[in-house]
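Okay, so here's the structure we're looking at.
Fair warning: this is a prediction, and the values are worked out from it, not measured in the lab.
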Amino acid sequence: QVQLVESGGGLVQAGGSLRLSCAASGLTFSTYAMGWFRQAPGKEREFVAAISTFGGSINYADSVKGRFTISRDNAKNTVYLQMNDLKPEDTAVYYCAARLGSLSSQGGRYGYWGQGTQVTVSS
């Protein structure tokens with residue numbers, strides 16, 4: 001049974017930082033591209049960042065480029081999202097997702113999802 005468990009969310013002031021983690025189990029982690037998505041209240045889910053199986057390819061949404069960094073540790077079956085210079089518009093539930101094969105910015109191409117972790121940025 002595949003499980004993705006996010007952690008690290010919370011309440012932070014604008015300009016602050018958070019580091020999200022997503023621990024994966026039940027899959028051969030190094031064969032899965034990993035992605036982070038977010039959904040704010042009343043809005044559609046949107047792509048944040050994705051990383052290929054061994055980290056050689058990375059994509060970011062334009063809205064987070066230069067502020068967020070995605071990374072992975074295949075020995076720990078974990079993907080991370082370091083979020084710096086957070087803004088109120090970053091407030092959302094953040095989800096990690098796993099896709100067998102190459103990375104994608106399209107959520108529909110990911111087969112496994114975590115339960116999400118809330119990130120709230122106050123102004």
Side-chain angles (χ1 to χ4, degrees):
Q1 179 183 358
V2 175
Q3 282 194 312
L4 302 177
V5 180
E6 301 97 335
S7 61
L11 173 63
V12 64
Q13 289 188 332
S17 298
L18 283 174
R19 188 194 196 202
L20 305 184
S21 298
C22 172
S25 61
L27 50 73
T28 304
F29 187 70
S30 62
T31 64
Y32 282 77
M34 299 299 295
W36 285 98
F37 295 78
R38 67 186 182 187
Q39 187 166 21
K43 295 188 176 181
E44 293 188 352
R45 182 182 63 195
E46 64 173 357
F47 169 74
V48 176
I51 187 168
S52 61
T53 53
F54 288 92
S57 295
I58 289 176
N59 284 347
Y60 294 102
D62 287 344
S63 59
V64 306
K65 278 181 183 176
R67 300 189 298 123
F68 290 12
T69 302
I70 189 171
S71 61
R72 64 189 294 159
D73 185 338
N74 286 354
K76 296 183 178 179
N77 286 6
T78 302
V79 61
Y80 305 97
L81 186 68
Q82 177 67 44
M83 306 186 294
N84 298 329
D85 189 23
L86 282 160
K87 305 176 186 299
E89 53 263 41
D90 294 318
T91 295
V93 177
Y94 283 71
Y95 299 90
C96 73
R99 178 175 189 266
L100 187 63
S102 60
L103 62 81
S104 175
S105 63
Q106 299 181 41
R109 296 188 174 187
Y110 287 78
Y112 299 104
W113 292 82
Q115 83 288 349
T117 186
Q118 176 70 47
V119 171
T120 303
V121 185
S122 63
S123 58

query = Tell me, which pairs form a side-chain hydrogen bond (donor to acceptor under 3.5 Å, both in side chains) where one or both residues lie in residues 21-35, sequence neighbours left out?
reply = none
ask   = How would you list, by chain and number, every residue that makes a salt bridge (charged side-chain N to carboxylate O under 4.0 Å, His left out) with Asp85, sequence neighbours excluded?
value = Lys87
request  = Check step by step if side-chain contact (heavy atoms from CB on, under 4.5 Å) holds for Gln118 and Thr91.
outcome  = CA-CA 8 Å; Gln118 176 70 47; Thr91 295; 4.0 Å; yes
message = Applying salt bridge (charged side-chain N to carboxylate O under 4.0 Å, His left out) as the test, list every pair that has at least one member in residues 49-65; sequence neighbours left out.
response = Asp62-Lys65
request  = Any pair with a residue in residues 45-76 that passes disulfide bond (SG atoms under 2.5 Å apart), sequence neighbours left out, goes on the list, sorted by first then second residue, please.
outcome  = none
Value rounded to 0.5 Å, distance of CG in Asn59 from CD1 in Ile70 = 9.5 Å
task = Could you state whether Phe29 and Tyr112 fall into the same hydrophobic cluster, counting links through intermediate Ile, Leu, Val, Met, Phe, Trp or Tyr residues with side-chain heavy atoms under 4.5 angstrom apart?
result = yes
request  = Determine which pairs satisfy ring pair (Phe, Tyr, Trp, His ring centres under 6.0 Å) with at least one residue from residues 38-78, sequence neighbours left out, and list them in order.
outcome  = Phe37-Phe47
request  = Kindly give the heavy-atom pair with the smallest separation between Arg72 and Gly55, and that separation in Å.
outcome  = CD-N, 4.2 Å
Counterpart residues, side chain to side chain contact (heavy atoms under 4.5 Å, CB included), relative to Ser57 (two or more places apart) = Ser52, Leu103
task = Measure across Tyr110 and Ala50 and return the closest heavy-atom pair with its distance rounded to 0.1 Å.
result = OH-CB, 3.6 Å
request  = Just grab all the salt bridge (charged side-chain N to carboxylate O under 4.0 Å, His left out) pairs involving residues 100-109, residues at least two apart or on different chains.
outcome  = none
task = Hey, could you give me each pair passing disulfide bond (SG atoms under 2.5 Å apart) that has a residue in residues 20-104? Not counting sequence neighbours.
result = Cys22-Cys96
key: Shortest non-hydrogen contact between Arg67 and Ser63, atoms and distance   = NH2-O, 2.9 Å
Identify each donor-acceptor pair in which a side-chain atom of residues 8-20 lies under 3.5 Å from a protein atom, sequence neighbours left out, and give them as a table.
from  : atom 1 : to    : atom 2 : distance (Å)
Ser17 : OG     : Asn84 : OD1    : 2.9

ask   = Looking at residues at least two apart in the chain, or sitting in another chain, which of them share a side chain to side chain contact (heavy atoms under 4.5 Å, CB included) with Val5?
value = Gln115
ask   = With distance as the sole test, does Asn74 use its side chain to make a donor-acceptor pair with the main-chain N or O of Thr53 at under 3.5 Å?
value = yes
message = With clusters defined by side-chain heavy atoms of hydrophobic residues (ILVMFWY) lying less than 4.5 Å apart, directly or transitively, does Ile51 cluster with Tyr94?
response = yes
inquiry  = Using the salt bridge (charged side-chain N to carboxylate O under 4.0 Å, His left out) criterion, which residues pair with Arg38? Sequence neighbours excluded.
reply    = Glu46, Asp90
message = Please report the interatomic distance OG1(Thr69) to CD1(Ile58), rounded to the nearest 0.5 Å.
response = 8.0 Å
ask   = Partners of Gln39 by side chain to side chain donor-acceptor pair (under 3.5 Å), sequence neighbours excluded?
value = none
query = Between Val79 and Val119, is there a shared hydrophobic cluster once you connect ILVMFWY residues whose side-chain heavy atoms come closer than 4.5 Å?
reply = yes
ask   = Rounded to the nearest 0.5 Å, what separation is found between the CD atom of Glu89 and the OG atom of Ser123?
value = 10.0 Å
key: Side-chain heavy atoms of Met83 within contact of Trp36, under 4.5 Å   = no
ask   = What's the verdict on side-chain contact (heavy atoms from CB on, under 4.5 Å) for Asp73 and Tyr80, showing C-alpha distance, side-chain angles and the deciding distance?
value = CA-CA 8 Å; Asp73 185 338; Tyr80 305 97; 4.1 Å; yes
query = What pair of heavy atoms forms the shortest contact from Ala98 to Met34, and how long is it?
reply = CB-SD, 3.6 Å
